[in-house]
J.: 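Please see the structure below; I have some questions.
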Amino acid sequence: MDELLKSLNDSQRAAVEYCDGASLVVAGAGSGKTRVLTYKIAWLLKAHGLQPWHILALTFTNKAAREMRQRIAGLVGEEEARRLRMGTFHSVFARILRVEALTLGYTSQFTIYDQNDARSLVKSICREMELDDKKYKPNDIADVISQCKNHLVLAEDFEHCSLFDSSRPHEAEVFRRYQARCKSANAMDFDDLLVNTWLLFSQHEDIRRKYVELFHFVLVDEYQDTNHAQQQIIYLLTKERQCICVVGDDAQSIYSFRGANIENMLNFQSLYNDTRIFKLEQNYRSTQYIVQAADSLIKKNQQQIPKDVYSENAHGERPILKYATSDKEEASIVCSDIERIRSKEQCSYGDFAILYRTNSQSRAFEEQLRKNGIPYTIYGGLSFYQRKEIKDIIAYYRVVVNPNDEEALRRIINYPARGIGDTTVRKIADSALANGISPWQVIESPQLLTQVVSKAAAGKLQAFASLIRLWQSRLHAEDAYTLGRAIIEESGIARELMGSSNPEDISRRENLDAFISGLRDFVTAEAEDERQPHIGLGDFLQEVALLTDLDSDDDATQQKVSLMTIHSAKGLEFSTVFIVGLEENIFPSPMSATSLKGLEEERRLLYVAITRAEHHCIITCAENRFRYGRMEHDEPSRFIKDIDPSLLTIGRPRKAFSADDDAFGASRLPWARKPYGSSANTGYGAGRGSSANTGYGAGRGSSYGSTANTGYGAGRGSSYGSPMPGPNFRRVQSVPSGEGSRPSPTPSRGGGSTLQEGMTIEHQRFGIGRVVKVEGSGENTKATINFRTTGMKQLLLRFAKYTIIEGDRD
DNA sequence: CGGCCCCGCGTTTTT
DNA sequence: CGCGGGGCCG
């Protein structure tokens with residue numbers, strides 16, 4: 001038995017072995033948190049003889065759940081690992097709610113509304129109530145409703161809670177109507193999955209008992225990110241037995257805007273008497289200086305569980321701070337550092353990450369990386385499922401499974417166009433409202449229907465309804481793939497996208513294909529795995545509704561520099577991390593900088609960023625930044641002086657920055673070369689003046705690198721690549737950088753890629769372009785490229801070595 | 001019903 | 001500046 005735990009250190013081992021009561025594992029960054037969880041589960045199975053289905057393990061992401069299950073399988077075998085009750089809060093609760101739906105007045109076919117559905121429902125309610133949308137901003141109201149739910153404040157109680165703003169009294173009515181509408185649509189939003197689970201357990205003692213009997217031991221990952229509702233539900237499941245183990249790091253609580261409550265972690269002891277606290281303080285990930293620098297920063301926070309993190313790895317290199325005159329220069333510093341480190345250490349591009357506070361910062365880096373021919377991939381774009389064509393199909397599925405789903409119905413009732421106009425839809429909605437039923441029920445009732453709409457409209461609606469009913473009748477006979485495919489064909493969506501040469505439609509078609517093959521994979525994977533004989537559309541929807549976190553780490557992304565926000569970097573690690581844009585007005589974000597709590601969270605965010613680094617951590621700060629169409633000047637972030645100066649190297653700008661490279665002319669601006677310390681500046685003295693002394697900008701004429709570009713990466717045809725492995729689709733969208741394109745010192749004409757007719761060029765932000773025509777070759781190549789956005793045009797103009805003839809802006 | 005123009009806004013987002 | 005949304009026109 002001891003054999004199992006032999007690879008753990010003392011504190012990890014202690015945390016794993018203690019199973020007699022509640023325990024809180026405070027796990028610093030890189031301290032083997034997941035390790036403790038997986039071993040603990042294995043320990044419960046092996047040493048305590050628990051049955052796998054009696055163990056409940058909750059995570060925040062599907063990815064975390066998947067990985068943990070996999071690692072446990074390695075310890076105890078596939079079979080047992082599979083039987084563990086393990087998943088995200090939302091998916092585990094959704095499953096419970098499907099079983100218990102009737103108790104709460106839902107059916108087990110209920111739909112899960114995503115944030116967009118929720119917002120659009122709030123919007124229609126506001127319209128119906130004729131509220132001034134300046135004063136009653138639908139999105140804000142949706143957010144308030146969500147916050148209420150995170151705090152388990154029901155619509156009836158809203159007026160008496162602190163979230164209620166008496167200057168907007170009608171919000172309460174919106175909330176009530178919102179709940180009523182969800183109910184009549186047989187739908188729950190993400191937050192309802194929690195609220196309803198809580199209601200179920202707190203109001204139905206028999207049901208609560210049933211699940212308490214089922215879950216003998218509960219484990220929670222990333223406990224610092226739980227909100228009040230989640231904490232309460234967990235409490236209801238564990239209060240008697242107190243067999244609970246939560247793991248987390250208060251220093252990495254960065255999701256308060258989503259309701260995460262760090263107090264859950266800080267006050268855990270007061271909820272469970274005799275809580276034992278285990279601290280994992282040894283960091284295995286990073287070198288000593290990095291750990292120490294991060295620690296010196298986080299110690300500035302008031303609110304935290306005291307701990308002494310340390311590393312026994314090599315001292316390594318201190319984090320380096322580099323100042324740049326502009327965002328462009330910042331990007332070029334990062335690029336040349338990537339090449340420098342890469343050639344020195346012979347590592348791959350996949351070992352680098354560029355982390356920023358806001359997504360908009362990615363742009364400058366994209367351009368520079370592309371210029372240097374460095375392959376990269378941006379994380380966190382629109383998820384596959386957010387794309388219009390995919391949402392349309394899913395809306396069809398939703399209506400078939402649950403016709404009362406108002407949001408889905410609204411989406412497809414006239415798509416593809418079938419002559420059901422706005423007025424008709426509005427009449428249906430009004431009638432539904434007046435009769436307290438769902439729009440579908442209006443359509444289904446011949447008397448009502450003919451009463452509210454014209455005869456012609458009624459005919460079209462009935463044709464639509466019978467289409468839906470036809471599919472419904474096939475739900476039980478056909479699996480998700482067969483029926484799903486049929487719906488795409490028979491609905492006319494396929495026809496809509498077929499035969500169009502519009503590049504947008506071609507891309508959609510490709511996504512559609514990827515979707516279909518994903519659907520097929522889902523069905524085969526599920527059928528193989530489970531004793532469940534029939535995999536229907538409903539099963540697919542359940543999966544899809546709670547899925548945003550998609551597989552990313554397939555081979556293709558391994559060789560590329562990762563660009564992402566710090567938020568999305570949580571849980572990841574890279575040999576070299578660049579933390580960019582360390583300026584006031586960016587980091588900390590001005591929105592958060594108004595309160596101490598906000599500032600402390602931002603500080604934790606920086607802590608998270610630093611602790612992602614294994615070997616090198618390079619922080620940059622641009623004095624001037626191009627945004628909102630103008631160059632703006634910024635002070636360095638106040639957080640810089642929160643890091644122990646003896647643990648921070650102030651890097652020298654490596655080379656003069658070429659004026660050629662500085663498209664915005666920042667280096668020519670009067671303040672560009674002004675040393676910082678000069679004007680009544682307190683904190684930054686030390687290393688700060690240096691950027692002025694090193695003759696920065698002195699060699700302005702000298703050229704930096706080559707401005708030559710390696711050509712626009714050959715769009716790899718399909719916008720989403722090949723069909724996805726497993727039931728998931730890929731969300732990471734990489735911008736191809738020309739096959740194997742090395743950063744070539746000499747501009748290689750046509751190297752890497754050549755434009756070909758029919759080729760698709762895709763860019764995450766600027767959309768897609770399609771090469772329609774190519775004439776001539778070499779210097780004289782002329783290509784006609786259709787594109788949608790001006791951003792794409794700029795990109796083409798800037799990077800392609802071809803003459804771009806503006807095509808249709810479809 | 002789609003296309004065009006003007007206005008307003010600009011943080012992070014595991015489910 | 002660049003985008004999404006709403007309003008208006010053809």
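Since this is a predicted model, take the numbers as computed values, not measurements. Chain identifiers are assigned alphabetically (A, B, ...) following the order of the sequence lines, protein sequences preceding nucleic acid strands; residue numbering begins at 1 within each chain.
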J.: Separation of A:Tyr356 atom OH from B:dT13 atom C1', in whole Å?
T.: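 Taking atom C1' of B:dT13 as the reference, OH of A:Tyr356 is at 14 Å.
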J.: Starting from C1' on B:dT12, measure out to CD1 on A:Ile579 and report it in whole angstrom.
T.: 16 Å
J.: What nucleic acid atoms does A:Phe89 come within less than 4.0 Å of, heavy atoms only: base, sugar-phosphate, or nothing?
T.: nothing
J.: Starting the side chain at C-beta, find the nucleotide from C:dC1, B:dT12, B:dT14 nearest to A:Tyr628.
T.: C:dC1
J.: Output the rounded distance in Å from CG (A:Asn585) to P (B:dG10).
T.: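 Whole-Å distance recorded here is 14 Å.
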J.: Between C1' on B:dT12 and OH on A:Tyr607, what's the gap in Å once rounded to a whole number?
T.: 19 Å
J.: Would a distance-only check, ignoring hydrogens and angles, find a side-chain to backbone donor-acceptor pair under 3.5 Å from A:Arg357 to A:Ile586?
T.: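 Between the backbone of A:Ile586 and the side chain of A:Arg357 there is no qualifying donor-acceptor contact (under 3.5 Å).
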J.: Are B:dT12 and A:Phe257 stacked, with the base six-membered ring and the side-chain ring centres under 5.5 Å apart and planes under 30°?
T.: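 According to the criterion (under 5.5 Å, under 30°), yes, A:Phe257 stacks.
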J.: Classify the nucleic acid contact of A:Asp114 as base, sugar-phosphate or nothing, counting any heavy atom under 4.0 Å across all strands shown.
T.: nothing
J.: When the nearest nucleotide of DNA chain B is assigned to A:Ala417 and to A:Glu222 on a heavy-atom basis, which residue is associated with the more 5' position?
T.: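 Its nearest nucleotide lies further toward 5', so the answer is A:Ala417.
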J.: Could you tell me whether the phosphate oxygens of B:dT12, OP1 or OP2, come under 4.0 Å of any side-chain nitrogen or oxygen in A:Ser592?
T.: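 Result: no.
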J.: Check whether any side-chain N or O of A:Ser360 sits under 4.0 Å from OP1 or OP2 of B:dG10, and answer yes or no.
T.: no
J.: Rounding to a whole Å, what distance do you find between A:Ile254:CD1 and B:dT12:P?
T.: 13 Å
J.: Is the backbone of A:Asp250 close enough, under 3.5 Å, to the side chain of A:Gln304 for a donor and an acceptor to pair up by distance?
T.: no
J.: Which part of the nucleic acid, if any, lies within reach of A:Lys137 when heavy atoms closer than 4.0 Å are counted: base, sugar-phosphate only, or nothing?
T.: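 Result for A:Lys137 = nothing.
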J.: Using only heavy-atom distances, determine whether the side chains of A:Glu263 and A:Gln303 contain a donor-acceptor pair under 3.5 Å.
T.: yes
J.: Think A:Lys134 has a side-chain N or O under 4.0 angstrom from the OP1 or OP2 of C:dG6?
T.: no
J.: Given the side-chain rings of A:Phe515 and A:Phe540, with only the six-membered ring counted for Trp, is the space between their centroids under 6.0 Å?
T.: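 Yes, the ring centres sit under 6.0 Å apart.
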J.: What's A:Ser589 touching, base or sugar-phosphate or nothing? Going by heavy atoms closer than 4.0 Å.
T.: base
J.: Applying a 4.0 Å non-hydrogen cut-off, can you work out what A:Gly571 is touching in the nucleic acid: base, sugar-phosphate, or nothing?
T.: nothing
J.: Can a side chain N or O of A:Asn359 be found less than 4.0 Å away from OP1 or OP2 on B:dT11?
T.: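 Answer no for this pair, as no side-chain N or O of A:Asn359 is under 4.0 Å from OP1 or OP2.
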J.: A:Tyr415 ring centre to A:Lys388 NZ or CZ under 6.0 Å, with the angle to the axis within 45°?
T.: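 Geometry flag: set, cation within 6.0 Å and 45°.
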J.: Rounded to the nearest Å, what distance is computed from the CZ atom of residue A:Arg363 to the P atom of nucleotide C:dC3?
T.: 8 Å
J.: Reckon A:Thr59 touches a base, only the sugar-phosphate, or nothing at all at heavy-atom distances under 4.0 Å?
T.: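 Answer is nothing: A:Thr59 stays at 4.0 Å or more from every strand.
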J.: Roughly how many Å is it from CZ in A:Phe190 to C1' in B:dT13, rounded to a whole number?
T.: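 The distance from CZ of A:Phe190 to C1' of B:dT13 comes to 11 Å, rounded to the nearest Å.
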J.: Roughly how many Å is it from CD1 in A:Ile378 to P in B:dT13, rounded to a whole number?
T.: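 Between P of B:dT13 and CD1 of A:Ile378: 13 Å.
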